[in-house]
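Worksheet: one structure, shown below.
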Amino acid sequence: MKDILTASFVTEMRKTTANMYRLGWDERNGGNISYLLDEKEVGEYLDLTKVIREIPTGFDAKPLIGKIFIVTGTGKYFKNVDDDPETNLGIVRIKQDGTTAELLWGFKDGGKFTSEFPAHMMSHMARLEADPKNRVVMHCHPTNLLAMNYVHELDEAKLTHTLWEMCTECIVVFPDGVGVLPWMLCGTNEIGEATAKKMKDFRVVVWALHGVYGAGKDMDETFGLIETVEKAAEIYMLTAGLPLLNTIKDEDMVKLAEHFGVKYRKDFLHLK
Ligand code: 13P
Ligand code: ZN
């Protein structure tokens, strides 16, 4: 059996959480990541018949039965993951009943998966239906996007349009736009269900006055998605209140989307 600390998925979790912390997106225990793993690959590092303990999830995740995820722990700080992955991360498998997580590794101090596990697992279910290659769901509290929540209308079309205007490549990186949920109590099945519903159409979902969810086929793509949205929000916050002299025109966004061959939300543009 190989040493799990040499597994690329553990390294990716360590590096990504450290990057997110350094970018200021994950203060204290803010943020969480779940990453769908390949069973055969995990089997090179862990005896998959050995369950450390069972943790009830409180929701039904039948489509994910047997699937294995590496996930950040609740109350754990992203800043500490790199130094102690076995305490701050866990590897869980969804049991046959669909409502229990079998702990295969990690959460060494008796901890458990993120309180946002419903939003993560429900988002995986929604994204896997839209794209069978989807593997990562990421939540964080990016500073500028959060600031923008207080000064910009939280309408999906309007918010997406403003973000697309802020950097030339935005419409190419998130052509499906940005979904928005109103403020809701976090850590509940309800916010999980609402997030998953949005995830059918969007890979980025803003939780009003809280943060953002992103989904993608790998860690780079998902991180890059949130990074691009946050960069656009940063440009917005740097220019908000200043006289606007130039902007990217809607016709130019169409040119970009067509040139890069992406399917974009035409209804979010104001085309003549
Ligand atoms: P956890 O510590 O349970 O992952 O919660 C952090 C968070 O960002 C809640 O939305
Ligand atoms: Zn949060």
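Please read these numbers as outputs of a predicted model, since none were measured by experiment. Just follow the structure's listing: the first ligand is 1, and inside any ligand the first atom is 1. Both backbone and side-chain heavy atoms feed into the values below; hydrogens, waters and symmetry mates do not. Position 1 is the first residue of the sequence, and the numbers go up from there.
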Query raised in the report: Of all the atoms in ligand 1, which lie at a distance below 4.0 Å from a heavy atom belonging to G31?
Result: 4 (O), 6 (C), 7 (C), 8 (O)
Query - Residue T74 vicinity, atoms of ligand 1 by number, heavy atom under 4.0 Å - result: 1 (P), 2 (O), 3 (O)
Report task. Would you check if I191 and E116 make a side-chain contact, meaning some heavy-atom pair closer than 4.5 Å? Result -> yes
Query raised in the report: Would you find more than 12 non-hydrogen atoms of other residues, nucleotides or ligands less than 6.0 Å from E86 atom CD?
Result: yes
Query raised in the report: In terms of atom number and element, which parts of ligand 1 are under 4.0 angstrom from non-hydrogen atoms of N32?
Result: 1 (P), 4 (O), 5 (O), 6 (C), 7 (C), 8 (O)
Query raised in the report: Taking side chain as C-beta onward, heavy atoms only, is H139 less than 4.5 Å from V212?
Result: no
Requested in this report: Below 4.0 angstrom from a heavy atom of G75, which ligand 1 atoms are there? Numbered from 1 as shown, please.
Outcome: 1 (P), 2 (O), 3 (O)
Query raised in the report: Quick one: which ligand 1 atoms are inside 4.0 Å of a heavy atom on T114?
Result: 1 (P), 3 (O), 4 (O)
Report task. For the residue pair L159 and H152, establish whether any side-chain heavy-atom pair is separated by less than 4.5 Å. Result -> yes
Requested in this report: Run the numbers on K217 and R135 for side-chain contact (heavy atoms from CB on, under 4.5 Å), then give the verdict.
Outcome: CA-CA 5 Å; K217 66 178 181 336; R135 293 167 81 87; 5.7 Å; no
Query raised in the report: Counting backbone and side-chain atoms alike, does H210 have an N/O/S atom under 2.8 Å from the Zn ion (ligand 2)?
Result: yes
Query - Within the 6.0 Å centroid threshold, strictly below: H124 and F69 - result: yes
Query - Exceeds 12 heavy-atom contacts within 6.0 angstrom, atom OH of Y21 - result: no
Report summary line: Numbered in order shown, the ligand 1 atoms found under 4.0 Å of a heavy atom of N29 are 1 (P), 2 (O), 5 (O), 6 (C)
Query raised in the report: Is the distance between the Zn ion (ligand 2) and the nearest N/O/S atom of H141 smaller than 2.8 Å?
Result: yes
Requested in this report: Please write down residue, atom name and distance for the protein heavy atom closest to atom 10 (O) of ligand 1.
Outcome: E116 OE2, 2.6 Å
Report summary line: Taking only non-hydrogen atoms of H139 and a 4.0 Å limit, the atoms of ligand 1 in range are 8 (O), 10 (O)
Query - Side-chain touch L5/P85, heavy atoms, less than 4.5 angstrom - result: yes
Requested in this report: Could you list which atoms of ligand 1 come closer than 4.0 Å to a heavy atom of G30?
Outcome: 8 (O)
Query raised in the report: When only distance counts, is H210 in polar contact with ligand 1, meaning an N/O pair under 3.5 Å?
Result: yes
